[in-house]
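Convention: sequence-line order gives letters A, B, ...; per-chain numbering from 1. All values below come from the heavy atoms of this structure, side chains included, with hydrogens, waters and symmetry mates left out.
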Number of protein chains: 4
Amino acid sequence: MSSGTPRRADALRNRQLALDAATALLAEPGTPLTVENIARRAGLGAATVVRTFGGKDALLDAAVSDLLAPVVQRARDLLAETAPGQALGLFLGELIAFQATHHSVSDHVEGLNMPATAALRGDLARVMEEMVERAQRDGAVRTDIDPAVATGLIGRTALAIARAQPRSRQLVDAYLTVLLQGLRPPA
Amino acid sequence: MSSGTPRRADALRNRQLALDAATALLAEPGTPLTVENIARRAGLGAATVVRTFGGKDALLDAAVSDLLAPVVQRARDLLAETAPGQALGLFLGELIAFQATHHSVSDHVEGLNMPATAALRGDLARVMEEMVERAQRDGAVRTDIDPAVATGLIGRTALAIARAQPRSRQLVDAYLTVLLQGLRPPA
Amino acid sequence: MSSGTPRRADALRNRQLALDAATALLAEPGTPLTVENIARRAGLGAATVVRTFGGKDALLDAAVSDLLAPVVQRARDLLAETAPGQALGLFLGELIAFQATHHSVSDHVEGLNMPATAALRGDLARVMEEMVERAQRDGAVRTDIDPAVATGLIGRTALAIARAQPRSRQLVDAYLTVLLQGLRPPA
Amino acid sequence: MSSGTPRRADALRNRQLALDAATALLAEPGTPLTVENIARRAGLGAATVVRTFGGKDALLDAAVSDLLAPVVQRARDLLAETAPGQALGLFLGELIAFQATHHSVSDHVEGLNMPATAALRGDLARVMEEMVERAQRDGAVRTDIDPAVATGLIGRTALAIARAQPRSRQLVDAYLTVLLQGLRPPA
DNA sequence: AATGAATGAGGGTTCATTCAT
DNA sequence: GATGAATGAACCCTCATTCAT
């Protein structure tokens, strides 16, 4: 087919091609997320994709966790460098912006029971809880909500907003405004 | 068998049996939502179920819209009978409570592109927009958000909270508290 | 395709067609024992065969146990009606004759870990042990071999002879002669 | 890498590595007998294994015949050096002991239609026929069975006993006792 | 009109073999 | 010459839909 396709040392590149294809398809709710479709998109054979990752779930695990890892890292950085009250708002905005670029990934962040994704999901939850807790101690967030509950609330609603299709700037802004005001300690 | 029974009545009864079975299965994430399972649950043949509705999507359209219709009606009633500021809060609570009883229905409210469901989705959006608009005129909701945008925001986040699994009373309460406070005009 | 193929009441007949096809293929080591081949031979679709039995293993379980059941029953009858010394010889001859008609079934009698086949395998072993034990008490079989061991010995070698391809009358006769003489108490 | 090493020697060593790996896997019913597994065990690439032999069947042909050849040779030696009546008994014991060490090899001795294995299978049959014939002339084996038929009988049953799983010393002993007594001329 | 049975289409996966490095 | 990677073919299985009863 594509006579220029290289092999050997570029196995890593093919791996990435498959990941990119999976990511692309995760963003196209129209086309079914089948191994065949992923492989076609990557310019590979279906068996190659399966073999490279060891199964469809493992491929999705890799794709989703590759996307999620920098998000978790960013949360950690914000937690370390920024004032608690601001960190939460900043991160929320960035989280939505991130998911805006990787549409239906969110569907798989929840629900995919594979090691890498599950671990990152846990990490993200922990970092966000810490964010909330500090913000509460700082007086920036109301204390009548348990940090774990607040984290669930924030994560789920942010996901929903990010998943909106079409997603408008207005919607995201409104969400951030409402959520952050709603989280403030009542007057 | 029951040669004296009027056929028309049987057909209607079967239709309802299938709808009830589909509704029941929509609430049981454990069992796959296949035509066969729906038919077995309804005590009917698989062919009958398909034939009665003309396809699985049509059946789901009927089931989902049957569930959604009273919700829309309730919204209309609240709009007519209750003070704008209260209506929104009341309805939001009821909407989540409803979805809590019909777990995965929400997944199909979005995403199912069939006439009845799409129409009700539109109806619901319009009623909620009207709710928001009136609440804004009443000074109960901040006016810096477009009613259509606010409706999208409310609908999507409510859906996400309702879909949470496990769903805790704490989460729902926190959501209502935060969202309603966040929607109030800023001090 | 075959316009004369009947349906409804003959579902049982189709079941039998599939079983017969499986049995036939079990006897043709040349053609692979795939669901597709079984279905083609039976004049059915592959999905039908799978659906009817619930999986390939279940089909083989049914085929093998259907063939094995009368053999076990015959052993029970002989045990009840015939003198111990004769019963063993008679049964052995019939066992081989049976397997001669159902060639490679034997491969699956061993090795197929499915309920019906496993149960019959156990039943057959028990009946044969009882046969050997009685023949030993009767002085017709040497007593320096444990009945369970003798049963294993007889079963496995009979299987092997039955599996022979081509199988000659001479071979079977020689086997019976040698085995029965070998089992007699030493002079 | 090892630029000084003569290629021919490497090739021969790889050939033996692959054969050893195949032999090892033939004895481990747990792990599937795939080219990949053989190659991994040999510390070689899958392509190398295939390329060295020209296909999986050719590899198995080589492995099986390598295992079978000494057995045939041993039969020839016994034929030349030992009294006919004893030779048969001795060889039978050794044959089973051999197969006991190379479990599933037996499955491939039969059924593998490749030149080397087929040839050795024929050789073995001929040597055993000669053994039987001489034993018959010596009065050690009954003469009412054709030597070719007796050979088939012995070979097949011995295989079956060797294949038994679990294989017990009791079973093997019982088999040898029964078969050898059964082969003696009737009193 | 109702339905159990049949099935074509499609899904994920495995494996012997081929190819480009 | 050796090999990791790639792949076409084949396997078993599921399911919405159609068909004959």
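In this structure, D:F53 and D:D61 have side chains that are not in contact, with every pair of non-hydrogen atoms separated by 4.5 Å or more. Put simply, the side chain of D:L33 reaches to within 4.5 Å of the side chain of D:L60, judged on heavy atoms. The shortest distance between side-chain heavy atoms of D:L25 and D:T34 does not fall below 4.5 Å.
Partners of D:D57 under the side chain to side chain donor-acceptor pair (under 3.5 Å) rule, at least two apart in sequence or in another chain, do not exist in this structure.
In this structure, the side chain of C:T48 does not engage the main chain of C:L44 through any donor-acceptor pair within 3.5 Å.
Taking only side-chain atoms of A:T34, from C-beta outward, the nucleotide of E:dG11, F:dA6, E:dT3 with the closest atom is E:dG11. Side-chain proximity of A:V50 to E:dC15, E:dT14, E:dA6: nearest is E:dT14. Comparing atom distances between the C:T48 side chain and each of E:dT18, F:dT18, E:dA6 picks out E:dA6 as nearest. Comparing F:dT14, F:dG8, E:dC19 by their nearest atom to the side chain of D:A47 picks out E:dC19.
Computed from coordinates, the A:L25 CG to E:dG12 P distance equals 11 Å when rounded to whole Å. Residue B:L60 contributes atom CG, which lies 10 Å from atom P of F:dT17 at whole-angstrom precision. Note: CD (C:E36) to P (E:dA9) measures 13 Å, nearest angstrom. Atom CZ of B:F53 is separated from atom P of F:dT17 by 13 Å (rounded to the nearest Å). Note: CZ (A:R51) to P (E:dT18) measures 16 Å, nearest angstrom. C:R15 places its CZ atom 18 Å from the P atom of E:dG4, with the value rounded to the nearest Å. Computed from coordinates, the A:R13 CZ to F:dA5 P distance equals 16 Å when rounded to whole Å. Atom pair B:L59:CG and F:dT17:C1' shows a separation of 14 Å (rounding to whole Å applied).
Applying the salt bridge (charged side-chain N to carboxylate O under 4.0 Å, His left out) test to pairs two or more places apart or on separate chains, those with a residue in residues 34-47 of chain D are A:R51-D:E36, D:E28-D:R41.
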Bracket notation of DNA chain E in which parentheses pair within the strand, [ ] cross earlier pairs, and | pairs with another strand (Watson-Crick or G-U, under 3.5 Å) = .||||||||||||||||||||
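Residue A:N14 has no polar side-chain atom (N or O) positioned under 4.0 Å from OP1 or OP2 of F:dA5.
Of the two residues contacting DNA chain E, namely A:A46 and B:A46, the nearest-nucleotide position lying further toward the 5' end is that of B:A46. Toward the 5' end of DNA chain E, the nearer of the two residues D:G54 and C:V49, judged by each one's closest nucleotide, is C:V49. Map B:K56 and C:V35 each onto its nearest nucleotide of DNA chain F; the residue landing nearer the 5' end is C:V35. Residue-to-nucleotide proximity on DNA chain F shows that, of A:G45 and B:D57, the 5′-proximal contact is made by A:G45.
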Passes side-chain hydrogen bond (donor to acceptor under 3.5 Å, both in side chains), D:T31 versus D:N37? Steps please.
-> CA-CA 8 Å; D:T31 54; D:N37 282 345; 5.3 Å; no
